[in-house]
Asks: 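After the structure tokens below, expect a handful of questions from me.
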Number of protein chains: 2
Amino acid sequence: MNLKNTQARSAIYDFLIRSSSPVDVNQIIGFLRSKKLNTNKVTIYRNLDTLCKNGLLEKLEFGEGKFRYEFKKNHHHHLICTNCGKIEDVSGEYLSEIERKIKSENGFLIKSHVLEFYGLCRNCRS
Amino acid sequence: MNLKNTQARSAIYDFLIRSSSPVDVNQIIGFLRSKKLNTNKVTIYRNLDTLCKNGLLEKLEFGEGKFRYEFKKNHHHHLICTNCGKIEDVSGEYLSEIERKIKSENGFLIKSHVLEFYGLCRNCRS
DNA sequence: TTGACAAATGCAACTTAGTTGCATAAAATC
DNA sequence: GATTTTATGCAACTAAGTTGCATTTGTCAA
């Protein structure tokens with residue numbers, strides 16, 4: 001696939017690569033405005049889509065009724081604080097055993113999984 | 001909380017209790033129409049909300065940009081076929097060990113988790 | 001370095017999912 | 001059967017995301 005290096009696209013990508021947790025489209029719009037880049041939301045959606053399809057970003061959901069995006073890194077999960085909204089990464093490949101079992105018992109071939117944890121972060125616990 | 005037993009509510013609940021996989025609001029509307037119950041979508045959303053808050057239903061997301069609902073049963077996960085869309089249940093409490101580890105390492109207190117598997121069901125594999 | 005072509009953008013209008021305020025209706029309780 | 005509480009319907013609205021189409025911008029080869 002032929003990806004062109006445009007202003008909007010590289011700004012979006014830069015923002016995502018620097019974000020420490022998954023961002024939504026509004027945060028992207030805010031960032032682009034702050035950079036005085038007048039970018040249409042359609043362009044943002046299309047770029048996010050393209051970047052996902054090219055394996056550069058990941059599209060995620062956290063029960064908010066909208067999507068969030070993050071720079072694609074090694075397989076990991078998230079700790080979502082239900083009090084303050086903070087999203088931390090947590091790595092770990094916990095499920096290979098389980099996936100093997102499901103394949104033999106259910107005849108279902110697992111290609112991917114989503115595993116996210118909800119609870120209270122260190123700050124909000126105290 | 002005082003739940004009244006209304007026509008709309010019990011029809012929605014009946015439908016959910018009989019559905020073998022999580023349903024979206026359109027499926028509920030279709031069902032109610034087929035029963036000649038002329039129910040407003042607002043009523044459906046409010047009932048789903050109420051039933052969730054009372055622990056009778058569960059609200060789920062499968063990366064479709066909308067919510068699905070299911071009758072609340074024992075903790076379980078789903079096998080979502082990315083080819084035909086079929087959603088199967090799979091039971092199992094795989095994560096207690098992991099959750100303990102996360103608590104001590106990240107100081108994060110896990111209250112719940114979401115674990116869903118995507119892949120190909122038995123039919124779609126062949 | 002320029003011209004051609006594919007890919008990207010912007011705009012307006014649209015869709016889909018879900019929400020809110022408010023007046024009315026229906027259950028449950030007394 | 002009257003009262004109170006909860007539920008419903010309607011209309012209008014918001015928020016997230018999409019589509020068609022005309023225009024612009026990168027890229028690459030001549």
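Given the structure is predicted, the values throughout are model-derived calculations rather than measurements. Lettering follows sequence order; numbering is per chain, from 1.
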Asks: If you measure from the Lys or Arg side-chain nitrogens to the Asp or Glu carboxylate oxygens, is any gap between D49(A) and K59(A) under 4.0 Å?
Replies: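 Salt bridge between D49(A) and K59(A), a charged N being under 4.0 Å from a carboxylate O: no.
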
Asks: Calculate the interatomic distance between N38(B) atom CG and dT8(D) atom P; express it in whole Å.
Replies: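 Interatomic distance, CG of N38(B) to P of dT8(D): 14 Å.
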
Asks: Would you indicate whether R125(B), at its atom CZ, is surrounded by more than 12 heavy atoms from other residues, nucleotides or ligands within a distance under 6.0 Å?
Replies: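 Check passes, neighbour count above 12.
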
Asks: Please list, for nucleotides 24-28 of chain C, all pairs of protein and nucleotide N/O atoms separated by less than 3.5 Å.
Replies:
| from | atom 1 | to | atom 2 | distance (Å) |
| --- | --- | --- | --- | --- |
| dA27(C) | N3 | K4(B) | NZ | 3.1 |
| dA28(C) | OP1 | N5(B) | N | 3.3 |

Asks: Ring centres under 6.0 Å, that's the criterion: do H78(B) and F117(B) meet it?
Replies: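 No, too far apart.
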
Asks: Take H113(A) and H77(A) through the ring-ring contact (aromatic ring centres under 6.0 Å, His included) test and state the conclusion after the steps.
Replies: CA-CA 10 Å; H113(A) 65 251; H77(A) 308 287; 5.5 Å; yes

Asks: Can you check whether T39(B)'s main-chain N or O pairs, donor with acceptor, with T43(B)'s side chain at less than 3.5 Å?
Replies: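 The answer is no, because no donor-acceptor pair under 3.5 Å joins these two groups.
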
Asks: Verify the contact: side-chain N or O of T43(A) to OP1 or OP2 of dG10(C), cut-off strictly under 4.0 Å; return yes or no.
Replies: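 Result: yes.
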
Asks: If you take all heavy atoms of V42(B) and N40(B), which pair is closest and at what distance?
Replies: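 Reported closest heavy-atom pair: N-OD1, 2.9 Å.
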
Asks: Taking atom P of dA8(C) as reference, at what distance in whole Å does atom CG of L37(A) sit?
Replies: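 Atom-to-atom, L37(A) to dA8(C), this comes out as 17 Å.
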
Asks: CD1 of I12(A) versus C1' of dT9(C): gap in Å, rounded?
Replies: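 In whole Å, dT9(C) C1' lies 11 Å from I12(A) CD1.
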
Asks: Verify, without hydrogens or angle tests, whether D24(A) (side chain) and N26(A) (backbone) share a donor-acceptor contact under 3.5 angstrom.
Replies: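 It does hold such a pair.
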
Asks: Could you pull out the protein-nucleic contacts involving nucleotides 17-21 of chain D (nitrogen or oxygen on both sides, under 3.5 Å)?
Replies:
| from | atom 1 | to | atom 2 | distance (Å) |
| --- | --- | --- | --- | --- |
| dG17(D) | OP1 | F67(A) | N | 3.0 |
| dG17(D) | OP2 | Y45(A) | OH | 2.8 |
| dG17(D) | N7 | K41(A) | NZ | 3.2 |
| dG17(D) | O6 | K41(A) | NZ | 2.6 |

Asks: Measure the distance from CG on N40(A) to P on dT24(D) and round it to the nearest whole Å.
Replies: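 In whole Å, dT24(D) P and N40(A) CG are 15 Å from each other.
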
Asks: Given side chain to side chain contact (heavy atoms under 4.5 Å, CB included), test R9(A) with T50(A) step by step and report yes or no.
Replies: CA-CA 10 Å; R9(A) 176 166 299 161; T50(A) 304; 3.9 Å; yes

Asks: Note down the inter-axis angle between the two ends of the helix from dT1(C)-dA30(D) to dC30(C)-dG1(D), five pairs each, to the nearest 10°.
Replies: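 Its terminal axes enclose an angle near 30°.
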
Asks: Using atom CG of N26(B) as one end and atom P of dT15(C) as the other, report the distance to the nearest whole Å.
Replies: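 Nearest whole value for this atom pair: 15 Å.
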
Asks: In this structure, are over 12 heavy atoms from other groups packed under 6.0 Å from Q7(A) atom CD?
Replies: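 Check fails, neighbour count at 12 or below.
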
Asks: Within this structure, what is the NZ-to-P distance between K53(B) and dT6(D), rounded to whole angstrom?
Replies: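 That distance rounds to 14 Å.
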
Asks: Rounding to a whole Å, what distance do you find between E64(B):CD and dA16(D):P?
Replies: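 Whole-Å distance recorded here is 19 Å.
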
Asks: Is a side-chain donor-acceptor pair under 3.5 Å present for H76(A) with E88(A)?
Replies: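 Judged by distance alone, the side chains do not pair up.
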
Asks: In whole angstroms, how far is the P atom of dA17(C) from the CD atom of E61(A)?
Replies: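 Roughly 13 Å, once rounded to whole Å.
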
Asks: Between R68(A) (side chain only) and P22(A) (backbone N and O only), is there a donor and an acceptor less than 3.5 Å apart?
Replies: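 A pair under 3.5 Å: yes.
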
Asks: When we call it a touch if two heavy atoms are under 4.0 Å apart, what does N47(A) touch: a base, just sugar-phosphate, or nothing?
Replies: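 Touches sugar-phosphate only.
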
